[in-house]
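Both backbone and side-chain heavy atoms feed into the values below; hydrogens, waters and symmetry mates do not. Residue numbers start at 1 and run along the sequence shown.
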Amino acid sequence: MADVSAKRQQDLEATNELSQRTKKAKSDSENDRGENGNETNALSGFQSTAVLSDSAREKTIYVHGKLADQNAVIILEKTPIREDALAEIFTASTLKLQMRNDIYSTYSLHAPPHLNEIKATVMCPATEKHVKKYQRKESFLVEETAEDYKSITLPYIQKQSFSVQWVYNILDKKAESERILFEDPHPKLGFVLLPDFKWDQKQMDDLYLMAITHQRDIKSLRDLTSQHLPLLENILQKGQEAILKHYSLPASKMRIYLHYQPSYYHLHVHFTKLDFEAPGCRVERAHLLADVIQNLQSDPNYYKTRNLFFPLRADDGLLSQFKEAGRL
Ligand code: G7M
């Protein structure tokens with residue numbers, strides 16, 4: 001596991017950074033370092049306007065609102081119960097009986113505060129696209145031909161896609177540099193491997209890392225040809241080795257894949273624990289890196305020429321474009 005004290009320091013820096021941003025209400029302070037002190041009430045001024053979605057099963061809620069007069073989306077997520085916390089949960093919690101029947105009883109258990117954590121992910125200032133991304137909406141499966149990509153998808157993503165500034169900040173070591181697990185600095189074949197921000201690194205069950213290529217001109221799976229095979233093979237091999245070394249997790253326990261469509265059009269590869277049903281790991285969106293490599297080995301232009309399927313949410317602007325073009 002990643003070093004816990006280093007992780008705490010990262011959390012502290014992230015919290016201080018947010019606190020500063022709230023005070024200054026400005027958007028360009030991504031790399032500021034806050035004052036010391038590991039607690040903040042940076043979210044106390046948050047005014048919630050709408051619940052975008054929630055899930056009792058996943059213990060998450062996505063809230064839209066205002067933070068220091070700026071649009072913000074906040075994700076709250078109860079963190080998993082860790083095995084190493086069990087002893088303390090049983091010894092140090094208080095219990096309130098809810099019901100008893102025969103051999104069955106249920107309680108509301110109040111664990112010590114440090115074991116009762118909620119992970120908060122803050123996007124501020126959030127764009128309209130962020131708000132839409134987290135709104136619960138039905139999805140439709142789209143079939144995109146190579147021609148559709150050129151005439152519909154590419155013009156749309158060139159105008160509408162999310163900024164990849166956060167990706168450049170990682171590659172330029174302006175953000176998250178202390179979280180980097182492995183880097184191959186080669187400009188063509190290299191990449192940075194680091195925890196996805198969905199993973200708090202406190203337990204292995206939901207292990208989630210991401211490899212981000214140093215090459216900046218590969219938008220997605222659609223751009224890949226056989227000339228990218230050395231890059232993809234390098235990511236697969238060195239990514240697996242780094243994860244085995246750091247987390248003792250062998251390749252046979254990992255799901256390594258790309259999204260199509262991705263949210264961010266700068267090539268990146270997802271590494272998740274096989275048993276973990278990560279969001280977006282279903283067949284209609286995830287493409288195993290090993291399959292991608294084999295497909296390009298058999299046909300150098302596989303992803304330039306094939307029809308690709310992907311889900312789009314009802315309110316996605318790209319879906320409207322496909323509808324207007326009579327493709328749905
Ligand atoms: O393939 P797709 O574009 O859908 O996935 C992007 C991935 O990037 C998601 O799994 C996000 O959780 C992750 N991600 C997004 N942002 C903005 C960040 C970030 O700032 N830092 C890190 N480490 N991961 C991010």
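- Using cut-offs of 30° and 60° for the angle between ring planes, the Tyr168 and His266 rings count as perpendicular.
- Note on ring orientation: taking the six-membered ring where Trp is involved, the planes of Phe322 and Phe310 are perpendicular (angle over 60°, cut-offs 30° and 60°).
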Exercise. Decide side chain to side chain contact (heavy atoms under 4.5 Å, CB included) for Leu267 and Leu232; before the verdict, give the C-alpha distance in whole Å, the side-chain angles of both, and the deciding distance to 0.1 Å.
Key: CA-CA 10 Å; Leu267 195 77; Leu232 300 173; 4.2 Å; yes
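- Without hydrogens or angle criteria, Ser55 side chain to Thr60 main chain gives no donor-acceptor distance under 3.5 Å.
- Here the closest non-hydrogen pair linking Leu76 and Ala120 is CD2-CB, 3.8 Å.
- Linking Ile, Leu, Val, Met, Phe, Trp and Tyr whenever their side-chain heavy atoms come within less than 4.5 Å leaves Val131 and Ile74 in two separate clusters.
- Residues Leu189 and Val192 are members of separate hydrophobic clusters, defined by side-chain heavy-atom contacts under 4.5 angstrom among Ile, Leu, Val, Met, Phe, Trp and Tyr.
- Hydrophobic clustering places Leu171 together with Val164 (ILVMFWY residues linked when any side-chain heavy atoms are closer than 4.5 Å, directly or through intermediates).
- Ile218 places none of its side-chain heavy atoms less than 4.5 Å from the side chain of Tyr265.
- By the 4.0 Å N-to-carboxylate-O rule, Glu233 lies too far from Lys238 to be salt-bridged with it.
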Exercise. Begin from the C-alpha positions of His246 and Phe182 and carry the test side chain to side chain contact (heavy atoms under 4.5 Å, CB included) through to its verdict.
Key: CA-CA 10 Å; His246 282 262; Phe182 173 82; 5.8 Å; no
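- Checked by atom type, the side-chain pair His228/Gln215 shows no donor-acceptor distance below 3.5 Å.
- For Arg222 and Glu144, the salt-bridge test passes: some basic side-chain N is under 4.0 Å from an acidic carboxylate O.
- Annotation for Leu141 and Leu328: closest pair O-CD1, 3.8 Å, computed over non-hydrogen atoms.
- A donor-acceptor contact shorter than 3.5 Å links the side chain of His259 to the backbone of Gly280.
- At a threshold of 4.5 Å between non-hydrogen side-chain atoms, the residues Val63 and Leu52 do not count as touching.
- Residues Glu88 and His114 have side chains in contact (heavy-atom distance under 4.5 Å, counting atoms from C-beta outward).
- Salt bridge present: Asp54 and Arg136 bring a charged side-chain N and a carboxylate O closer than 4.0 Å.
- Here the closest heavy-atom approach between residue Arg179 and residue Asp196 is recorded as NH2-O, 3.9 Å.
- Here the shortest heavy-atom pairing between Ile243 and Phe271 reads CD1-CD2, 3.5 Å.
- Of the inter-residue distances, the one linking Arg285 atom CZ with Leu308 atom CG reads 13.5 Å to the nearest 0.5 angstrom.
- Rounding to the nearest 0.5 Å places CG of Leu318 at 10.0 Å from CG of Asp148.
- At most 12 heavy atoms of other shown residues, nucleotides or ligands fall within 6.0 angstrom of atom NZ in Lys253.
- With respect to the salt-bridge test (charged N to carboxylate O, under 4.0 angstrom), the residues Asp316 and Lys132 do not qualify.
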Quiz item: Should Thr225 and Lys304 be marked as a side-chain hydrogen bond (donor to acceptor under 3.5 Å, both in side chains) after you check the CA-CA gap, both sets of side-chain angles, and the distance that decides it?
Solution: CA-CA 7 Å; Thr225 65; Lys304 292 257 182 219; over 6 Å; no
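- Although no hydrogens or angles enter the test, the distance criterion places a donor-acceptor pair under 3.5 Å between the side chain of Lys59 and the main chain of Ala56.
- Looking at Thr49, its side chain does come within 3.5 Å of a backbone N or O of His64 through a donor-acceptor pair.
- Counting non-hydrogen atoms of other residues, nucleotides and ligands closer than 6.0 Å to NZ of Lys129 gives a total above 12.
- Salt-bridge check for Arg216 with Asp172: passed, with a basic side-chain N closer than 4.0 Å to an acidic carboxylate O.
- Between Tyr257 and His287, the distance separating the two ring centers is not shorter than 6.0 angstrom.
- Looking at heavy atoms from C-beta onward, Leu97 lies in side-chain contact with Ser105 at the 4.5 angstrom threshold.
- Once rounded to the nearest 0.5 Å, the distance linking CD of Glu178 with CD of Glu176 reads 7.5 Å.
- Within the 4.5 Å cutoff, no side-chain heavy atoms of Tyr208 are placed close to those of Pro195.
- Inspection of the His110 and Ser108 side chains reveals an N or O donor paired with an N or O acceptor under 3.5 Å.
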Quiz prompt | Verdict with reasoning, Leu231 to Lys188, per side chain to side chain contact (heavy atoms under 4.5 Å, CB included) | solution = CA-CA 7 Å; Leu231 167 69; Lys188 284 258 165 224; over 6 Å; no
Quiz item: Could you walk me through whether Phe276 and Asp205 pass the side chain to side chain contact (heavy atoms under 4.5 Å, CB included) check?
Solution: CA-CA 6 Å; Phe276 171 49; Asp205 302 30; over 6 Å; no
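- Relative to the six-membered ring of Tyr247, Lys273 misses at least one condition, a distance below 6.0 Å or an angle of at most 45° to the axis.
- Within a 6.0 Å sphere centred on CD of Gln297, other residues, nucleotides and ligands contribute more than 12 heavy atoms.
- Distance check, rounded to the nearest 0.5 Å: CG of Leu181 to CG of Leu194 gives 8.5 Å.
- Closest non-hydrogen pair, Ser163 versus Tyr264, comes out as O-CD2, 3.8 Å.
- Salt bridge status for Arg327 with Glu143: absent, with no side-chain N to carboxylate O gap under 4.0 Å.
- Of the possible polar contacts, one joining the Lys119 side chain to the Lys198 backbone as a donor-acceptor pair under 3.5 Å is found.
- Within 6.0 Å of the CD1 atom in Ile180, the count of heavy atoms belonging to other residues, nucleotides or ligands exceeds 12.
- Atom CD of Gln98 is surrounded by more than 12 heavy atoms from other residues, nucleotides or ligands within 6.0 Å.
- Within the 4.5 Å cutoff, no side-chain heavy atoms of Tyr303 are placed close to those of Tyr260.
- Cluster membership check: Leu207 does not share its hydrophobic cluster with Ile212, using side-chain heavy-atom separations under 4.5 Å among Ile, Leu, Val, Met, Phe, Trp and Tyr.
- In this structure, Leu193 is not a member of the same hydrophobic cluster as Met210, with clusters built from ILVMFWY side-chain heavy atoms closer than 4.5 Å.
- Shown here for Leu109 and Ser93, the closest heavy-atom pair between the two residues is CD2-OG, 3.4 Å.
- When side chains are defined from C-beta on, Gln321 counts as touching Ile152, because their heavy atoms get closer than 4.5 Å.
- For the atom pair Asn307 CG and Thr305 OG1, the distance stands at 9.0 Å (nearest 0.5 Å).
- Here Glu58 contributes atom CD and Glu277 contributes atom CD; the two are 9.5 Å apart, rounded to the nearest 0.5 Å.
- Residue-environment remark: CD (Glu83) stays at or below the threshold of 12 foreign heavy atoms within 6.0 Å.
- Between Ile157 and Phe162, every side-chain heavy-atom pair lies at or beyond the 4.5 Å cut-off.
- In this structure, Asn234 contributes its side chain and Pro230 its backbone to no donor-acceptor pair below 3.5 Å.
- Counting non-hydrogen atoms of other residues, nucleotides and ligands closer than 6.0 Å to CZ of Arg255 gives a total above 12.
- Under the 6.0 Å cut-off for aromatic ring centres, His214 and Phe191 do not qualify, their centroids lying 6.0 Å or more apart.
- For the side-chain contact (heavy atoms from CB on, under 4.5 Å) with Asp291, the qualifying choice from Ile293, Leu288, Leu289 is Leu288, the only one to do so.
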